[in-house]
Amino acid sequence: MTGENQNEFESPFRTFEAVAKMFGKSAKTVGRWVQTIPGFPQPVRVGCSRLFLSDEVEDFVQRLKEKRDRKKNRP
C-alpha cells in the first residue's frame, strides 16, 4: 500500500459534527443553519444518516472567503 494516494480513501461525506467542528459551533447550530442560511449545503440521506457532501461544504467556505475578500477590496 505504500505509494498509494491516501485521498482516494477519504470519504466524500462529512457528518454534522465534523461540519460543526470546522466552524467552531455545535451540530445543533449547523442544523439550524441548514434551515436558515440561503446557500448553506443541504445534507443528503445515506442509509439512516444525514451527511454533507464534502465538496459542497468546501465550496460554501470558499464562497464565504471570496465574499469577504470582495468587501475588503472595495474602494
Problem - Verdict with reasoning, Phe40 to Val19, per side chain to side chain contact (heavy atoms under 4.5 Å, CB included) - result: CA-CA 11 Å; Phe40 195 83; Val19 173; 4.3 Å; yes
Practice task
Under the side-chain contact (heavy atoms from CB on, under 4.5 Å) rule, collect the residues that match up with Arg45, sequence neighbours excluded.
Solution key: Arg50
Completion exercise
Shortest non-hydrogen pair, Ala20 vs Ala27, comes out as CB-N, 3.5 Å
Practice task
For Thr29 and Lys25, indicate whether the former's side chain and the latter's backbone hold a donor-acceptor pair under 3.5 Å.
Solution key: no
Fill in the blank from the handout: Taking every heavy atom of Ser11 against every heavy atom of Ser54, the minimum-distance pair comes out as O-OG, 3.7 Å
Practice task
Using side-chain contact (heavy atoms from CB on, under 4.5 Å) as the criterion, list what pairs up with Gln42, not counting sequence neighbours.
Solution key: Val34
Practice task
Let me see the working for Phe52 and Thr15 under side chain to side chain contact (heavy atoms under 4.5 Å, CB included), right down to the final yes or no.
Solution key: CA-CA 6 Å; Phe52 294 95; Thr15 63; over 6 Å; no
Exercise for the section: Consider only side-chain heavy atoms of I, L, V, M, F, W and Y, link residues closer than 4.5 Å, and tell whether Val30 and Leu64 are in one cluster. Expected result: yes
Problem - side chain to side chain contact (heavy atoms under 4.5 Å, CB included) assessment of Phe60 paired with Ile37 - result: CA-CA 11 Å; Phe60 180 77; Ile37 297 179; 4.3 Å; yes
Problem - Summary of salt bridge (Lys or Arg N to Asp or Glu O under 4.0 Å) pairs that have at least one residue in residues 60-70, sequence neighbours excluded - result: none
Handout entry: For Glu58, all residues meeting salt bridge (charged side-chain N to carboxylate O under 4.0 Å, His left out), sequence neighbours excluded
Key = Arg14
Exercise for the section: Name all residues meeting the side-chain contact (heavy atoms from CB on, under 4.5 Å) criterion together with Ser49; count only those two or more places apart in sequence or in a different chain, and write none if there are none. Expected result: Leu51
Practice task
Could you tell me which residues satisfy ring-ring contact (aromatic ring centres under 6.0 Å, His included) with Phe23, sequence neighbours excluded, listed by chain and number?
Solution key: Trp33
